[in-house]
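The figures here come from the full heavy-atom set of this structure, side chains too, leaving out hydrogens, waters and symmetry mates.
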Amino acid sequence: QVQLVESGGGLVQPGGSLRLSCTASGSIFSFYAVSWYRQAPGKQREWVTTISSGGNTNYQDSVKGRFTVSRDNAKSTAYLQMNGLKFEDTAVYYCNMNIRGYNYWGQGTQVTVSS
């Protein structure tokens with residue numbers, strides 16, 4: 001199994017930046033993709049981005065050009081660099097790994113974009 005812990009959220013002004021981290025326990029992190037999801041108040045949880053075990057990335061259209069997902073397998077950590085933040089980016093952000101058909105989720109970290 002794997003345990004995921006997100007960190008790095010906080011309050012930021014529009015146009016600002018944050019870097020989220022997702023650190024995994026265990027020794028199998030490098031073999032699986034990592035995804036980031038977010039959930040705003042009153043809304044469904046939505047997919048944001050995915051990075052494969054080989055480093056290939058995909059992004060939701062609304063964050064393309066602003067967000068960058070990366071990973072450091074030696075540290076068992078995935079990152080989400082968020083630039084040019086907008087009010088609509090406000091949400092709880094979760095990392096996710098699907099391992100052998102089971103979805104593992106972190107506890108989430110709050111990102112609030114406000115002036």
Student: Determine, using the 4.5 Å side-chain heavy-atom cutoff (strictly less than), whether Val48 and Tyr104 are members of one ILVMFWY cluster.
Tutor: yes
Student: Under the 3.5 angstrom rule, does the side chain of Thr49 hit a backbone N or O of Val69 as a donor-acceptor pair?
Tutor: no
Student: What heavy-atom pair brings Gly84 and Ser17 nearest, and what distance separates the two atoms?
Tutor: N-OG, 4.4 Å
Student: Locate the shortest heavy-atom distance separating Leu4 from Ala24; write the atom from each residue and the value.
Tutor: CD2-CB, 3.5 Å
Student: What's the spacing between Phe29 CZ and Cys22 SG if we round to 0.5 Å?
Tutor: 6.5 Å
Student: Does the pair Asp89/Lys86 count as a salt bridge with the N-to-O cut at 4.0 Å?
Tutor: no
Student: Checking the side chain of Arg71 only, and the main-chain atoms of Gly54 only, is there a donor and an acceptor separated by less than 3.5 Å?
Tutor: no
Student: Nearest 0.5 Å, please: how far is CD1 in Ile28 from OG in Ser53?
Tutor: 12.0 Å
Student: Supply the atom-to-atom distance Gln13 CD to Thr112 OG1, rounded to the nearest 0.5 angstrom.
Tutor: 13.0 Å
Student: Are Arg45 and Tyr94 in a cation-pi setup, meaning NZ or CZ lies under 6.0 angstrom from the ring centre and within 45 degrees of the ring axis?
Tutor: yes
Student: Are Leu85 and Val63 connected in a single hydrophobic cluster, I mean Ile/Leu/Val/Met/Phe/Trp/Tyr linked by side-chain heavy atoms less than 4.5 Å apart?
Tutor: yes
Student: How about Thr90 and Val111: do any of their side-chain heavy atoms sit closer than 4.5 Å?
Tutor: no
Student: Is a side-chain donor or acceptor of Gln39 paired with a backbone partner of Tyr93 at a separation under 3.5 angstrom?
Tutor: no
Student: Please name the pair of heavy atoms, one in Ser115 and one in Phe87, separated by the smallest distance, quoted to 0.1 Å.
Tutor: N-CE2, 3.9 Å
Student: Spell out, as yes or no, whether a donor-acceptor pair under 3.5 Å connects the side chain of Ser62 to the backbone of Gln60.
Tutor: no
Student: Can you name the closest pair of heavy atoms from Ser52 and Ala33 and give their distance?
Tutor: CA-CB, 3.9 Å
Student: For the residue pair Ala40 and Ala91, what are the closest heavy atoms and their distance?
Tutor: N-CB, 3.8 Å
Student: So, Ser7 versus Thr109: side-chain donor-acceptor pair below 3.5 Å or not?
Tutor: no
Student: Find the distance between CD (Glu88) and NZ (Lys43) and round it off to the nearest 0.5 Å.
Tutor: 8.0 Å
Student: Just checking, is any N or O donor in the side chain of Asn58 or Thr50 under 3.5 Å from an acceptor N or O on the other one?
Tutor: no
Student: Report the distance from atom CH2 of Trp36 to atom CE of Met82, rounding to the nearest 0.5 Å.
Tutor: 8.0 Å
Student: What are the two closest heavy atoms between Tyr32 and Ile99, and how far apart are they?
Tutor: CZ-CG2, 3.6 Å
Student: Would you say CD of Glu46 has more than 12 non-hydrogen atoms from neighbouring residues, nucleotides or ligands within 6.0 angstrom?
Tutor: yes
Student: Flag yes if Tyr59 and Val34 sit in one hydrophobic cluster, no otherwise; membership is Ile, Leu, Val, Met, Phe, Trp, Tyr, and two members link when side-chain heavy atoms are under 4.5 Å apart.
Tutor: yes
Student: Are Leu80 and Val12 in one and the same hydrophobic cluster, where Ile, Leu, Val, Met, Phe, Trp and Tyr link if side-chain heavy atoms are under 4.5 Å apart?
Tutor: yes
Student: So, taking the atom named CG in Asp72 and the one named OG in Ser21, what distance separates them when rounded to the nearest 0.5 Å?
Tutor: 10.0 Å
Student: Would the distance check show the side chain of Ser25 and the main-chain N or O of Gln3 forming a donor-acceptor pair, the cut-off being under 3.5 Å?
Tutor: yes
Student: Do Phe67 and Tyr37 sit in one hydrophobic cluster, given that two such residues count as connected whenever their side-chain heavy atoms are within less than 4.5 Å of each other, even indirectly?
Tutor: no
